[in-house]
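Heads up, the thing below is written out as structure tokens.
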Amino acid sequence: MEVALGLATSLLGKVLTTLSDGLVAAYVDSLQLGHNSDQIRDKLLHTQGLLHLHNAQGQGSHVGHKPGLQPLLEKLSRDADQAEDLLDEVHYFQIHDKLHGTNYATTQEAGHDLDSLVRHQALHAGSALRHTLSSLVQCFSCSPTPKRNGGDEYDAAVLAGAPRRVTNTLGTLLHCFSCSCTPKSKRNGGDDDAPAAAVAGVRGDASAVAAVAGVGGDASTAACVAGVTNSNSASPDDGHALHFDRVSMSREIKSVLQGMQSHCDSVSNLLSTIPSSSTTIVLKRPQTASMIIQDRLYGRTDIFEETVNRITTVTGATRTQTVSVLPIVGPGGIGKTTFVRHLYNDARTKNHFDVPVWVCVSTDFDVLKITREILGCILAAQEGGSNSSVANETTNLNQLQISIAERLKSKRFLIVLDDIWKCDSVGQWKTLLAPFTKGETKGSVLLVTTRFPKLAEMMETVSLGSLKLAGLEPNDFLTFFEACVFDEGDKPEHYEDEFDGIARRIANKLKGSPLAAKTVGRLLQKDLSWVHWNGVLEKHQWLKQQDDDDIMQSLKISYDFLPFYLQKCFSYCGLFPEDHKFTSSEISHFWAAIGIIYSNHQDNSDYLEELVDNGFLMKKFGWHENEQGPYYVMHDLMHELSRSVSAQECLNISGLDFRADAIPQSVRHLSIDIEDRYDANFEEEMCKLRERIDIANLRTLMIFRRYEERITKILEDSFKEINSLRVLFIVVKSAQSFPYRFSKLIHLQYLKISSPYGVQEMSLPSTLSRFYHLKFLDLDCWCGRSDLPEDFSHLENLHDFHARSKLHSNIRNVGKMKHLQELKEFHVRKGSMGFELTELGALTQLEGGLIIHGLEHVATKEEATAAKLMLKRNLKELGLLWGRDRPTTDADIPDALQPHSKLRVLTIANHGGDVGPSWLCLDIWLTSLETLTLEGVYWRTLPPFAKLPNLKVLALRRIYGMLQFGPCCGGASGKCFMRLKEVQFYDMPELVEWVVEPNCCSFASLEKIECTDCPNLRMLPFSEACCTNLRIFKVSGCPRMSLPSMPHTSTLTDLFVETSYSETLFSYDGKRLAVTGYGGALASHNLDKVEDMDIANTSRISLSDIEKLKSLTELTVGRCDGLFPQELDGSIVLRSVKSLTLDVSHLTSSKSSSSKVLNCFPALSVLEIVEDGNHDYEQCVMQLPSSSSLQKLTFSHCKCLVLVPVEKENGGGIQEDKSLLQSLTISDCGKLFSRWPMGMGESETICPFPASLRKLVVEEEPSMRSMALLSNLTSLTTLRLEVCTNLTADGFNPLIAVNLKELQVRWCNTSTLAADLLSEVAELLPVESYISRLEVLVVEDISGLLVAPICNLLAPALHTLEVWSDWGTESFTEEQEIALQLLTSLQTLSFYS
């Protein structure tokens, strides 16, 4: 019954809205129904008021006891639905008449003069005659059936208002030619144009048709009378012409309105007999108590511990507050009460608080009642309950509060107010809170649980904030879910094999809701079989459970608590996909289009906020559809609730397994969001759905994604009959992808068209411009062409047009669209009709931003004045743009473009005159202006920037003749630009300085300065008294600028200095500092948070400057002459640096210099020594760096570097057994080992690398000639040897391979080097005693590997084998194939050329 009440209320509202239009009302008045349109509206309003009253009072269950009311409501709803369609169609053709000068649906009110009366009667007579002639044509092929007094046609003519003489004549004709034929209804797509034309004779001559009617013979009149075309085809090739049959329409409207009025009377009479309740029905909620029911708190350990600490630690604000309030907020069933029970009973809580109190508030927030309960609990706790009855007997709030305050005066207390559903005002809350704020002991706490974020926000205190509980984490939830199924007992033995997978799938559906887990747990307990569990999963059986302690019933109570209008808004949200990101405009437009809110309602966005406040939506901020801002998301269980409560009207098909038989036949709103995969079952069910629901009468169809051809074909076939849509979302990839009857969707109010990126050449259909009722058009995701139909401006009811700027700028005659609320761009086009500036004059409702291009084509002040920018009071941003060639313009034109005084953002570019607009340059008119951009102007007098009281952003580009900036720009002495936050100078060749008065506090709010291509700019206001809050400073192409030590203030955390050639000299973001070729000094005292520093080619920075950066952990030093002193005495130590990248130029030819430099960094763990290929270097000889902290070492492109062994006699360096080096990379050095003894000739091989190495990479190193250098590296797990052209297997120690997991050997001395090495390993380490760990092998030649000993060796672990540039192997021998099959762990075999 509640659904029937709500539906009838909503549908009556739609009819009332349509009837409120003057043209529609006039048409209804012309039908002579016995009541005029005003009387009909009054009757509908009376019935709607009664329906709304019973809805608002929640009396749906009471009216359900009235016999006959349900079917009456259903009949009323059907009539209202049909009436809305009919009146909407009349209105459509009335708009068409106005646009095209036709008279298909126009009703002229009869005046007192004879001419007016004749015109009024002739209009109806012509319609009746057209209808009758259409019928007569078909009589010649039918058997005659006489009709009394002319039958229906005679009645139709009389109904249409034809004069008696005409109707008598028609009656005679009809008596002669009457037949049993009934003409096709034009409203339903019948095509009777040809027969109508045939009445006039051969080929349907229009003049002859008119002659039959006895009226003028012009073609337009003929068309009107005979209905030859009677259409407004959107394009010449459109085969779906629209038709309007006035007589049939009038008959249907009369019948429906009379029936609706009759049903209104019956419903009103029945409802009037039900006494209206003076009080709102209170929802019953179960009482809660503090006793723990669930012994274990599953999950939320971190949150729980943090919360215990928050309420038991008296620090900060709680040290000064007597009582703090911590609301715990979350949707129903999320575990708020359970969480608080465990807090309340925790030993630390009990020890901390002297007086614990637990009160269940529920839906009745009665301050007196709650205060009395709290006092009773306090008395019971302090006196064993002996005087607790006193509290219950007292009805004086004052006495109760005094008693509480006295008893808690020296006590620290914890009060839990559980399950609060309402609190009418802040005052009511403060009244309840009053006695708890009077105590002497600090640190008391009120814990509040509620479903409603708005209550939590009202009640929270700054010291504790709010705690928002979301669903349990997946692993914790699965554990809890299993405990619910098995009552925390042991799982059955076969659980892991049989149930674990399906249990996880069910758990994933429940989105972490503990109450949902309990609901499903009870269902699964009934039958521990896979078949039963799978049935629960596939049928979502938990959504159908109706007990009070089931999840959906718990959430439904929240829904029932909403006011009726919010229930309607929420219920339709389930049509959108799960996790859909709603924008405010998207959902508000949808609600308005289906008639549950008014499109011109100023508070529509408040409905969204109310749903957020009540916990049904979550508001978030971030990127959505290429825009950054707020959006709304619905929790999955709330989405299920929305689908549940709207199931009689709405259907969201989100799975291929849906069943059409389960769909109510009353569904009117349909959305599809299935996966893009063809399924025969889906095709079959969609066929059934077409038969089950009235597709033609659907009000909403939303398809959210693009589908493959077969699914697209199914959808096209399923929705061929759509006729009454108000909302359509579609994704198209070609002109043929639009619905079959797209051009005839005359009721559309909200249309969203999306297309994929690959169809840029597709155009919008020309029929788009015939949707006269369209209020909202969303082309944000349209990726096709930007051209619009020529007559797009026919969409005169369009309010919001969401699209890229190019589409906006292509609207011809946009001035006709008087309701348009956003026009991003308008281009004045010379000699192009419909793009004159005067088009903007009628657009008084524009909001947001408007940029006007092409103002050089405006020739007169009168044309500029006609734009009426002053009247666009909702406009926030305005751009006035002339072309770059800017011919000198009339000085009066900018004055005539004056906007309203509340404008916030203004841009003026390329105005060619030498005088700016007086409203900007002389008068302080724009008192609310926050952002001003001027570009390419030559004005003799610039605006008094400093006098704009709210100016926050000033951008100046190519302003010629401007030499100074500062107080000279209209500022008062000593104080100006106090609110300015951002200044931008671009391409200002004459600007020399930014002047500031001494000791002036100007620019106190300035946070950002950008200067680009200002070649003569020398001075900026960097002083202790000016720009003290500067955060961002960017300079590019300002070579003469003089800067102080940077950053000059600690607030400056984004600093960027660049040359004219885009070479970065200085960059700083608060954590990272890069200085390259910068000649200024560093303000080290403002760089205390720098963690990463990169310097090169600078002489103003010393090692002692770097030492002052105490947070520095990563340092990169390029060529910097003099950075390291010639004699390092160990006095400079950078202990915080962990990672160092060092240019090899800092290591001299002295063997000990490298150790002295590296001793400055005692905590170093990562070291990279590099060479800049753009400079010449002298040969540098050094020992391998060694340190107890160094773990990763890299030599990169060090062509001049030569390693030599540590000389034993001097004992230099750290002994190898103390080294922790784990990784060593040598890349493209060339001479690194040229002086290293390798055991060739008489020299003894010395191992250069510490035995601790686990990863060694050597690339492009021809000086490495012997594997003997690696003989001590038995801990290696990764070895890469590439392009070592002189390297052989000589001296190889097979024990190197013991721990290897990855081996890459390519392009060395021989292509078989890898095979040679592995052969030695296989020979020394037989498979019987050694199991290889090698998992990845990359080689140059595979043929040498495919032998049984090597493959047996590699078999246990090798899963990836890559072969590079093996040109010689074309096929495998039989032995090689057998050997390859021995690699039983191999998963990936790749060949690369």
Side-chain angles (χ1 to χ4, degrees), residues 1225-1228 1230 1255-1271 1273 1276-1328 1330-1393:
T1225 299
I1226 299 169
S1227 178
D1228 192 21
K1255 179 178 181 180
L1256 175 62
V1257 176
V1258 184
E1259 299 171 337
E1260 299 184 67
E1261 188 52 57
S1263 66
M1264 185 174 180
R1265 303 188 300 277
S1266 169
M1267 287 295 294
L1269 297 178
L1270 281 59
S1271 58
L1273 303 182
L1276 281 180
T1277 58
T1278 300
L1279 175 60
R1280 285 176 53 191
L1281 302 171
E1282 296 183 357
V1283 200
C1284 297
T1285 52
N1286 295 312
L1287 181 63
T1288 66
D1290 294 341
F1292 174 64
N1293 178 8
L1295 293 178
I1296 292 175
V1298 170
N1299 293 300
L1300 271 186
K1301 292 185 177 181
E1302 179 180 346
L1303 175 62
Q1304 298 190 33
V1305 182
R1306 291 182 290 179
W1307 308 307
C1308 293
N1309 183 268
T1310 66
S1311 62
T1312 61
L1313 180 60
D1316 295 342
L1317 299 178
L1318 290 172
S1319 294
E1320 293 193 36
V1321 175
E1323 184 177 344
L1324 181 68
L1325 303 172
V1327 293
E1328 294 82 8
Y1330 166 69
I1331 299 176
S1332 172
R1333 299 180 181 180
L1334 197 63
E1335 298 174 352
V1336 177
L1337 178 59
V1338 180
V1339 298
E1340 184 183 354
D1341 173 65
I1342 193 173
S1343 57
L1345 289 173
L1346 295 182
V1347 294
I1350 294 179
C1351 290
N1352 278 323
L1353 173 74
L1354 302 178
L1358 190 70
H1359 57 69
T1360 300
L1361 175 58
E1362 293 183 10
V1363 182
W1364 287 77
S1365 306
D1366 187 356
W1367 308 109
T1369 303
E1370 295 182 359
S1371 62
F1372 293 149
T1373 64
E1374 183 178 351
E1375 289 183 2
Q1376 289 174 332
E1377 289 185 0
I1378 294 173
L1380 182 62
Q1381 292 175 16
L1382 295 175
L1383 300 177
T1384 53
S1385 299
L1386 194 63
Q1387 299 174 15
T1388 304
L1389 175 60
S1390 305
F1391 292 86
Y1392 298 93
S1393 61

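This structure is a prediction, so every number in the text was calculated from the model and none was measured.
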Contacts of Asp1228 that satisfy salt bridge (Lys or Arg N to Asp or Glu O under 4.0 Å) - sequence neighbours left out:
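Salt bridge (Lys or Arg N to Asp or Glu O under 4.0 Å) list for Asp1228, sorted by chain: Lys1199.
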
Salt bridge (Lys or Arg N to Asp or Glu O under 4.0 Å) involving Glu1259 - partner list, sequence neighbours excluded
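Salt bridge (Lys or Arg N to Asp or Glu O under 4.0 Å) check on Glu1259 returns Arg1280.
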
By side-chain contact (heavy atoms from CB on, under 4.5 Å) - contacts of Val1347 (at least two apart)
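For Val1347, the residues satisfying side-chain contact (heavy atoms from CB on, under 4.5 Å) (neighbours in sequence not counted) are Pro1349, Ile1350.
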
Residues in side-chain contact (heavy atoms from CB on, under 4.5 Å) with Thr1373, at least two apart?
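side-chain contact (heavy atoms from CB on, under 4.5 Å) check on Thr1373 returns Glu1375, Gln1376.
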
What distance separates [X] [atom1] from [Y] [atom2], expressed to the nearest 0.5 Å?
X	Y	atom1	atom2	result
Cys1308	Arg1265	SG	CZ	14.5 Å
Ile1226	Leu1256	CD1	CG	6.5 Å
Ser1271	Leu1295	OG	CG	10.0 Å
Asn1293	Ile1296	CG	CD1	5.5 Å
Cys1351	Leu1380	SG	CG	6.5 Å
Leu1269	Glu1261	CG	CD	10.5 Å

Stepwise, does the side-chain contact (heavy atoms from CB on, under 4.5 Å) test hold for Thr1360 with Leu1337?
CA-CA 6 Å; Thr1360 300; Leu1337 178 59; over 6 Å; no

Sequence neighbours left out, cut at 3.5 Å: what donor-acceptor pairs do the side chains of residues 1382-1391 make with other protein atoms?
residue, atom, partner, partner atom, Å
Ser1385, OG, Ala1355, O, 2.9
Ser1385, OG, Pro1356, O, 3.0

If you define the side chain from C-beta out and look only at heavy atoms, does anything of Leu1270 sit under 4.5 Å from Leu1279?
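With C-beta onward as the side chain, the pair touches.
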
Given side chains that start at C-beta, do those of Val1363 and Tyr1392 come closer than 4.5 Å, heavy atoms only?
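Val1363 does not reach Tyr1392 side chain to side chain.
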
Looking only at atom types and distance, does a side-chain atom of Ser1332 sit under 3.5 Å from a main-chain N or O of Leu1354, one as donor and one as acceptor?
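Such a contact is absent between Ser1332 side chain and Leu1354 backbone.
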
Assess the residue pair Trp1307 and Thr1285 against the criterion (side-chain contact (heavy atoms from CB on, under 4.5 Å)); give the C-alpha distance rounded to whole Å, side-chain angles, the decisive distance to 0.1 Å, and a yes or no.
CA-CA 7 Å; Trp1307 308 307; Thr1285 52; over 6 Å; no

Only pairs at least two apart or in different chains count here, so list each side chain to side chain donor-acceptor pair (under 3.5 Å) that has a residue in residues 1341-1351.
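Passing the test, one end in residues 1341-1351: Asp1341-Ser1343.
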
Can you name the closest pair of heavy atoms from Ser1263 and Gly1230 and give their distance?
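That would be CB-O, 3.5 Å.
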
For Ala1379 and Ala1348, which heavy atoms make the closest approach, and how far apart are they?
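What the structure gives for the nearest pair is CB-N, 4.1 Å.
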
In chain order, what residues pass the side-chain hydrogen bond (donor to acceptor under 3.5 Å, both in side chains) check against Glu1362, with sequence neighbours excluded?
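Testing Glu1362 for side-chain hydrogen bond (donor to acceptor under 3.5 Å, both in side chains), a comparison that skips the adjacent residues, returns Trp1364.
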
So which pairs with a foot in residues 1304-1315 pass salt bridge (charged side-chain N to carboxylate O under 4.0 Å, His left out), sequence neighbours left out?
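Those involving residues 1304-1315 are Glu1282-Arg1306.
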
List, one per line, each side-chain donor-acceptor pair under 3.5 Å for residues 1297-1305, sequence neighbours excluded.
residue, atom, partner, partner atom, Å
Asn1299, OD1, Arg1333, NH1, 3.1
Asn1299, ND2, Thr1274, O, 2.9
Glu1302, OE2, Gln1304, NE2, 2.6

Which pairs of donor and acceptor atoms, one on a side chain in residues 1316-1327, lie under 3.5 Å apart (sequence neighbours left out)?
residue, atom, partner, partner atom, Å
Asp1316, OD2, Thr1312, OG1, 3.4
Ser1319, OG, Ala1315, O, 2.8

